[in-house]
Amino acid sequence: MSTTLFKLQREHLVHLQSAYATLLADHQLDSLAIYSGHASDHFADDHAASFQTYGHFMHWVGLADVQHSWLMIQPEKRPQLYLYAPADFWHLPTRLPEEPWVAEFDIHLCSDKVAPSLAGKAAIIGDIERLPASTLQSLNAECQPATIVHALDELRLLKTPYEIACLREANRLAIAGHQAAQAAFIGASGELDIQLAYLAASRQRESSVPYQNIIGLNQHAGVLHYQHYDLKAPKQRYSLLVDAGRRFRGYCADITRAYAGPDAPAAFGELVAAMHGLKDELVKGVAPGVSFVALHEQMHHHLAEILIAHELFQGTVEQAVAEGVTRAFCPHGLGHSLGLQVHDVAGLRHPDGTPAPAPENHPALRLTRTLRPGMVVTIEPGLYFIDMLLEPLRNSSLPINWPLIDQLSPCGGIRIEDNVAVTESGFDNLTP
Ligand code: GLY
Ligand code: MN
Ligand code: MN
């Protein structure tokens, strides 16, 4: 571990200690227990699906795969980690990383799934619903107090320098995967082989990706969360969209790139270039005090300009936005908060924890906050040819260039996504 990261992690822990102490004092609590969560086995089987540790637990230890474990926080005391470490010859015993947090905690290795005994007035948070009722009763604590969870979500929204360093490293590792994916596409690989090239170059196994990689060739590039990997390469190669990440110390990269293939019409390659330009323009708009909803609306405005410049729409910018044309081409939001979860917490709340829902005409937007230094967001404009959304416009009198859309439709769509930190004076693009 580099000395810089070492120092930053210690400072991150000091920051958490102090913020938790204030929060516990405000709520007149003596202790807070955070449950890691655990995976569920498939029905009638003894294998489980992939798992992600509860975010507020990860905030302290940065491990995304800890299960059946507890963390107890008390003001002025060292954090107590009850780490499930069964005597088990089926699996490799639980190992601790060589990171400063290990020396800052009292670590109790537990051979059984036990809950800690809580001191004084206590609360517990985490995915506790599937814990045995007897465990919850024995804890004798307030479960999941909403005001505490919202305050901790708010704490996670603003990243420490340690967290930004981790997100930057996650991006660096993910970009190596994206370069390999592009090379595999140039080499005429199919979706599964592009995925395998991505995993190899970004040095990760499939069960540890922060979200299922989206690797779509041709029309699959227009399926927003396309979830398969075709085994065979298609004969025609119009396009590739890769939306793929990487974790580093729990922190997630979430990067998308789109490419025109050898069989794409020239207009598609020009649109890919225009969408890179739009992403760059929107990244430059990231700064403290900026409303993310306003930035999202700016995306629609610029998207309309692109549709007009590339002759997909022959009306005005105002008409394209007002009549929902840009929304049919881009039905998702401009981006979201990013951190220990890909779609991180507190994006749709005011600082006091009250709901700040997405505007009615942009229901898919996941972040309605005013940007502040320390936030990390994705900026991910898209432009897709999705029949289900475009079909209703065919019966309208809107000046849409249907022959060109039909020509571009086999290319599926485009999304370009970077991860951007808000700084005191503007932005820091973490995606190299
Ligand atoms: N990878 C999912 C997203 O971009 O939000
Ligand atoms: Mn993404
Ligand atoms: Mn994203």
Side-chain angles (χ1 to χ4, degrees), residues 50 52 55 64 156-157 159 167-168 170-178 181-182 191 194-195 198-199 202 204 206-216 220-229 239-248 250-259 272 275-276 278-280 282-283 286 292-293 295-296 299 303 329-348 358 362-369 371 375-384 386 412-422 427 429-432:
S50 67
Q52 166 182 285
R156 287 231 323 262
L157 185 73
K159 273 70 184 175
L167 287 160
R168 196 189 305 280
N171 264 261
R172 193 185 68 77
L173 294 163
I175 280 293
H178 279 272
Q182 183 186 13
E191 290 168 353
I194 296 171
Q195 157 78 340
Y198 181 92
L199 293 174
S202 58
Q204 58 185 328
E206 190 164 3
S207 59
S208 49
V209 295
Y211 56 94
Q212 292 303 310
N213 290 343
I214 299 162
I215 312 251
H220 295 160
V223 181
L224 299 183
H225 284 174
Y226 173 64
Q227 74 277 39
H228 301 294
Y229 306 117
S239 61
L240 169 68
L241 184 146
V242 178
D243 182 344
R246 175 69 154 83
R247 275 190 200 275
F248 179 76
Y251 292 88
C252 306
D254 176 13
I255 301 172
T256 310
R257 293 292 180 261
Y259 309 96
V272 172
M275 292 303 287
H276 271 278
L278 174 53
K279 182 268 292 173
D280 290 340
L282 293 164
V283 167
V286 171
F292 202 75
V293 176
L295 206 55
H296 169 87
M299 169 180 82
L303 201 54
F329 282 98
C330 182
H332 60 69
L334 168 63
H336 48 85
S337 180
L338 182 73
L340 292 163
Q341 290 168 219
V342 174
H343 297 153
D344 213 10
V345 287
L348 296 174
H362 298 289
L365 186 60
R366 292 175 191 268
L367 179 63
T368 53
R369 305 288 300 242
L371 298 179
M375 286 185 184
V376 174
V377 299
T378 66
I379 295 292
E380 47 181 306
L383 194 172
Y384 312 88
I386 302 173
I414 304 163
R415 175 163 67 255
I416 312 292
E417 177 175 24
D418 279 3
N419 304 166
V420 184
V422 186
F427 70 90
N429 193 342
L430 307 178
T431 309

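Computed from heavy atoms alone, side chains included, the values below leave out hydrogens, waters and symmetry copies. If you read the sequence from its start, that first residue is 1, and numbering goes on from there. Numbering of ligands and ligand atoms starts at 1, following listing order. The structure displayed is predicted, hence computed values, not measured ones.
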What protein heavy atom sits nearest atom 3 (C) of ligand 1, and how far off is it? D254 OD2, 3.4 Å
Ring-plane angle category for Y226 and H220, please: parallel below 30°, perpendicular beyond 60°, tilted otherwise. parallel
Any N/O of E380 closer than 3.5 Å to an N/O of ligand 1? yes
Hey, what's the ring geometry for H343 with H336, parallel, tilted or perpendicular (30° and 60° as the breaks)? perpendicular
Close-contact set for ligand 1 against H343 heavy atoms, below 4.0 Å: 2 (C), 3 (C), 5 (O)
Heavy-atom side-chain contact between V242 and N213 under 4.5 Å: no
For the ring pair Y384 and H332, is the centre-to-centre distance below 6.0 Å? yes
Hey, does V342 sit under 4.0 Å from ligand 1 if you only count heavy atoms? no
Per-atom contacts of ligand 1 with D243, taking only distances under 4.0 Å to non-hydrogen atoms: 1 (N), 2 (C), 3 (C), 4 (O)
Of T431, N429, D254, the residue whose pairing with N171 passes side-chain hydrogen bond (donor to acceptor under 3.5 Å, both in side chains): T431
For ligand 1, is there an N or O atom under 3.5 Å from any N or O atom of R415? no
Atom of E417 closest to the Mn ion (ligand 2), considering N, O or S atoms: OE1
For Q204, does its backbone N or O pair with a side-chain atom of R247 as donor and acceptor, under 3.5 Å? no
For the Mn ion (ligand 3), the nearest N/O/S atom on D254 is atom OD2
Would you please say whether a donor-acceptor pair under 3.5 Å links the side chains of D243 and Y211? yes
E417 N/O under 3.5 Å from ligand 1 N/O: yes
Given NE2 of H336 on one side and OE2 of E380 on the other, what angle do they make at the Mn ion (ligand 3), to 10°? 90°
